[in-house]
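Following: one structure in structure tokens, then a few remarks.
Throughout, a chain's letter reflects where its sequence line sits, starting with A, and its residues are numbered from 1.
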Amino acid sequence: MIREVIDEVNSKSEEEISKIIAEKFPEELAREKKLQEHRLPDLENVGEFVVMRMAPSPSGPLHIGHSRMAILNDEYVKRYGGHLILRIEDTNPKNIDPESYSMIPQDLKFLGVNVTDNVIQSDRFPIYYEQARILMENGHMYVCSCNPEEFRKLKLQGEACPHRSQKPDENTELFRKMLSDRKFATGKTVVLKTDLHHPNPSIRDWIAFRVLLQDHPRTGNRYWVYPTMNFSVAVDDHLLGLTHVIRGKDHLNNTDKQRYIFRYNGWKEPEYYHYGLVRIPDAMLHASEMKAGIRSGKYTGWGDVRLPTILALSRRGYAPETFRRYWVESGMREIDSEFSWDIFNSINREIIDPVASRYFFVPSPVPISINFPDRIVANILLHPGKKDGGARRYEFHGKTTIYVTNDDSRKFNENEIIRLKDLCNVIWHGGDAEFAGAENTRKDVKIIHWTPENSIPYEVDRPDGTVVKGLLEPLGSEYDGVAQFERFGYVRMFRGNGKAYFLHR
RNA sequence: GCUCCGAUGGUGUAGCCCGGCCAAGCAUACCGGCCUUUCAAGCCGGCGACCCGGGUCCAAAUCCCGGUCGGAGCACCA
């Protein structure tokens with residue numbers, strides 16, 4: 001019976017089916033097509049609220065890549081309510097730039113990320129030690145004094161190191177001595193027992209604490225037994241009550257490692273999500289490299305417009321909302337992808353265009369002499385979409401000089417009429433511009449922009465490191481904010497400093 | 001090599017879990033047109049994709065198997 005109906009339906013053409021539906025089930029057609037919006041998928045197992053975290057290492061300020069994890073976490077906490085913890089992971093003193101402790105919160109603030117709690121791991125050594133003791137007492141950890149090569153070799157072969165069989169009492173005693181005696185501790189590690197036959201060697205008995213004799217910017221020489229990231233992360237994720245963890249898929253293996261600690265302690269695991277890696281073209285993302293460049297004077301600082309830091313990007317005029325929309329649109333799937341400056345810029349343009357004042361900036365200026373027979377006034381809107389939004393006003397009379405770009409001037413043909421935007425027409429004769437009326441009569445002429453005689457020298461720094469020199473119309477000098485230099489692109493101007501940063505076209 | 005992921009137009013994505021509203025939507029880029037005293041914005045139109053091969057099924061982008069390609073990890077970094 002069912003079979004017959006199916007066969008019957010399948011035997012009909014699309015049109016026939018549509019017709020039948022239209023006749024018998026009109027309400028089906030009325031159903032609207034799903035509104036296309038970019039919305040992040042819902043999280044699994046959400047209770048009353050969520051607790052999420054961002055866990056950057058303090059090796060420098062945040063850059064465009066970091067903004068993804070910040071936005072994603074923030075979006076979900078905003079959706080479900082709850083806590084968003086900023087946890088600074090500074091358990092490797094070799095990899096710390098002290099400035100980061102204050103720069104990271106500033107970057108997050110700029111991005112509009114609402115941090116509700118702050119945690120710094122270097123405040124929590126006693127907690128990690130205590131958790132280690134518990135695991136040791138339950139036989140899940142041991143103190144190891146193998147040298148690195150030895151330990152590695154055994155691991156690779158899936159064999160136990162001689163210390164693995166130590167009794168819990170021996171381990172806790174050794175650990176106690178490690179904590180109180182630097183010298184004794186040196187060369188020893190604390191290892192978490194996992195599975196010596198785990199197919200992935202890195203997951204077999206992994207190191208949870210190592211001894212580093214280097215001073216820590218925050219704790220000095222008070223501690224020398226440092227937890228590794230996988231240990232402190234697992235402990236903190238539990239103790240801080242994390243319900244959902246979102247991070248890059250480069251942490252996939254780390255998640256497996258951390259799960260052992262949850263299992264041993266009978267802790268409830270958070271829901272894990274791993275988003276794919278993003279390649280960001282034309283961006284130098286390594287904090288150490290940036291830092292070296294700053295030290296050597298190659299870059300002016302973390303806010304150098306050639307860098308992809310949040311600081312630099314904000315100085316160039318990117319809106320916080322741009323980051324948010326871009327990453328929400330990118331979603332949270334595990335596929336790797338390539339960052340698109342085109343799309344990023346287009347989102348930004350949509351946000352800033354309505355509020356960007358227009359100015360004339362003439363790169364590589366060429367002077368042109370014009371004789372105005374009558375007084376003429378240029379009244380140029382600050383924004384073409386806002387008739388009441390104010391205007392720039394310039395007056396001309398008699399013989400005067402104006403400037404146009406070198407590029408434009410080279411394209412003039414003999415006897416051609418050129419429109420100087422919002423000012424007048426000129427006719428090009430033997431290298432001179434002759435006034436040809438102020439009325440806007442012809443539509444099919446070239447329209448170019450210009451600046452008046454008293455324009456000011458001005459520069460635009462581009463993110464590729466090049467500098468464009470030119471002239472800015474005088475009324476632009478006091479502007480502060482994102483502007484559009486007509487026919488040039490959007491820039492971020494700063495009041496009275498004689499230069500702007502290029503944003504995008 | 002081993003372990004684990006993944007594969008939709010040039011790019012970013014929606015759809016995949018729960019097969020039929022998908023001859024695949026949106027955005028961006030590009031091309032054309034309109035509008036415009038900016039090469040911006042806006043409006044209209046166009047181009048363009050389910051990695052390959054099998055299987056299951058009345059029906060596969062969606063489920064299964066194999067292949068190919070790509071990525072991540074294989075640290076006393078985070």
Any chance CG of A:Asp42 has more than 12 other-residue heavy atoms, nucleotides or ligands included, within less than 6.0 Å? yes
Have a look at A:Ile343 and say if it touches a base, only the backbone sugar-phosphate, or nothing, with a 4.0 Å heavy-atom cut-off. base
Quick check: A:Phe339 with A:Phe344 (ring centres under 6.0 Å apart)? yes
Using the P atom as the point on both nucleotides, what is the distance between B:G53 and B:U62, in whole Å? 12 Å
Across the strands shown, which category fits A:Arg358 at heavy-atom distances under 4.0 angstrom: base, sugar-phosphate, nothing? base
Taking only side-chain nitrogens and oxygens of A:Arg333, does any of them come within less than 4.0 Å of OP1 or OP2 of B:C5? no
A:Trp341 atom CH2 is separated from B:A27 atom C1', nearest whole Å, by 18 Å
So that I know where these two stand, are A:His449 and A:Phe360 an aromatic pair - ring centroids less than 6.0 Å apart? yes
Give the B/S/- string for nucleotides 62-78 of chain B, one per nucleotide from 5' to 3', where a protein heavy atom under 4.0 Å of the base yields B, of only the sugar-phosphate yields S, and otherwise -. ---------SSSSSBSB
What stems show up for RNA chain B when you take Watson-Crick pairs (N1-N3 plus N6-O4 or O6-N4) and G-U wobbles (N1-O2, O6-N3), both under 3.5 Å, and require three or more consecutive pairs? B:1-7 with B:68-74, B:10-13 with B:25-28, B:30-34 with B:42-46, B:51-55 with B:63-67
Which part of the nucleic acid does A:Pro384 contact within heavy-atom distance under 4.0 Å: base, sugar-phosphate only, or nothing? base
Any base atoms under 4.0 Å from A:Tyr490, or only sugar-phosphate, or nothing? Heavy atoms, all strands. sugar-phosphate
Are A:Tyr479 and A:Tyr359 an aromatic pair, judged by ring center distance below 6.0 Å? yes
